[in-house]
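Notes follow once the structure below has been shown.
Source: prediction; values computed, not measured.
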Amino acid sequence: INNVIFNGKFKVNEHQEFGGKIRIHLTFMRDICFKSTTFKGDVSFNAVFEEDVDFSNTTFEGNSNFSAIFERDVSFNNAIFEKGADFSNAMFKGIASFSGILGGPIFKGDVSFNSVIFKKDAVFHHATFKEDVDFNNVVFEGNADFSGLIKYKLVLREHSPNSEIF
């Protein structure tokens with residue numbers, strides 16, 4: 001799907017499955033709901049989301065890329081990322097929620113938030129990271145909540161590549 005603009009509400013039925021590689025270069029003008037969807041192959045969202053986006057309880061079985069602009073709130077609550085997840089250079093202008101109740105969301109592969117800008121709150125409450133997590137050059141303009149975080153490997157750096165914070 002390339003260079004499409006959705007002006008109406010976009011919703012995928014719960015428990016919908018998509019197979020193969022998916023590349024989405026879109027502008028979504030209304031609320032987007034991918035709740036409880038399974039993406040079986042690699043998926044790339046090089047998109048602008050003008051309204052709220054819901055990826056709650058979604059499973060990403062392949063690698064996922066979110067080089068996107070999220071103009072409003074986005075939820076990845078209780079999502080499962082089976083392989084790598086790349087949010088590099090994304091911009092979150094609303095609240096970004098990567099939360100769950102005791103163990104979700106789960107990132108099973110490497111995760112990159114390199115050069116991401118969080119304009120409002122970034123919530124990683126009870127997120128689980130099983131592999132490397134990269135927060136190099138991230139800007140948190142709102143609150144950053146990492147309470148209940150389960151981490152196996154975590155790299156946090158301020159604006160200097162030599163200053164690591166754990």
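- If you take CD on Glu51 and CD on Glu71, they are separated by 9.0 Å, rounding to the nearest 0.5 Å.
- No chain of hydrophobic side-chain contacts below 4.5 Å, direct or via other Ile, Leu, Val, Met, Phe, Trp or Tyr residues, connects Ile95 to Phe92.
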side-chain contact (heavy atoms from CB on, under 4.5 Å) between Phe49 and Phe66, intermediate numbers included: CA-CA 11 Å; Phe49 296 96; Phe66 293 91; 5.6 Å; no
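- Checking side-chain atoms of Asp42 against main-chain N and O of Asn63 turns up a donor-acceptor pair under 3.5 Å.
- Closest non-hydrogen pair, Asn46 versus Ser67, comes out as OD1-CB, 3.3 Å.
- With a 4.5 Å cut-off on side-chain heavy atoms, Thr58 and Phe76 do not count as touching.
- Contact detail for Phe45 and Ala68: the closest heavy-atom pair is O-CB, 3.7 Å.
- For the side chain to side chain donor-acceptor pair (under 3.5 Å) test with Ser56, the passing option among Ser36, Ser75, Ser99, Ser97 is Ser75; the others fail.
- A heavy-atom distance below 4.5 Å is found between the side chains of Phe129 and Val111.
- The two residues Phe113 and Val138 come nearest to each other via the heavy atoms O-CG2, 2.9 Å.
- Nearest heavy-atom pair across Val133 and Phe135 is CG1-CE1, 3.1 Å.
- Scanning both residues, Leu149 and Ala127, for their nearest heavy atoms gives CD1-O, 3.4 Å.
- Between atom NZ of residue Lys40 and atom CD of residue Glu61 there is a gap of 4.0 Å, rounded to the nearest 0.5 Å.
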Asn136/Asp134 under side chain to side chain donor-acceptor pair (under 3.5 Å): CA gap, chis, key distance, verdict: CA-CA 6 Å; Asn136 287 325; Asp134 179 1; 2.7 Å; yes
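- Note that the NZ atom of Lys93 and the NZ atom of Lys119 stand 7.0 Å from one another [nearest 0.5 Å].
- Between atom NE2 of residue His126 and atom CG of residue Asn77 there is a gap of 11.5 Å, rounded to the nearest 0.5 Å.
- Side-chain atoms of Asn57 never come within 3.5 Å of backbone atoms of Lys35 as a donor-acceptor pair (strictly under, hydrogens ignored).
- Across all non-hydrogen atoms, the minimal contact from Ala79 to Phe55 is CB-O, 3.9 Å.
- Under a 3.5 Å cut-off, the side chain of Asp52 and the backbone N or O of Asp73 do form a donor-acceptor pair.
- In the hydrophobic clustering of ILVMFWY residues, with side-chain heavy atoms under 4.5 Å counting as a link, Phe34 and Ile80 come out apart.
- Contact of the Val53 side chain with the Phe70 side chain is registered, since non-hydrogen atoms from C-beta on lie closer than 4.5 Å.
- Ring centroid separation for the pair Phe107 and Phe124 does not come in under the 6.0 Å cut-off.
- Considering CZ of Phe60 and CZ of Phe39, their distance stands at 5.5 Å, rounded to 0.5 Å.
- Using a 4.5 Å cut-off between side-chain heavy atoms of Ile, Leu, Val, Met, Phe, Trp and Tyr, with links allowed through other members, Ile117 and Val123 fall into different hydrophobic clusters.
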ring-ring contact (aromatic ring centres under 6.0 Å, His included) assessment of Phe98 paired with Phe81: CA-CA 12 Å; Phe98 296 85; Phe81 297 84; 7.5 Å; no
Derivation and outcome, side chain to side chain donor-acceptor pair (under 3.5 Å), residues Ser112 and Asn114: CA-CA 5 Å; Ser112 179; Asn114 189 17; 4.9 Å; no
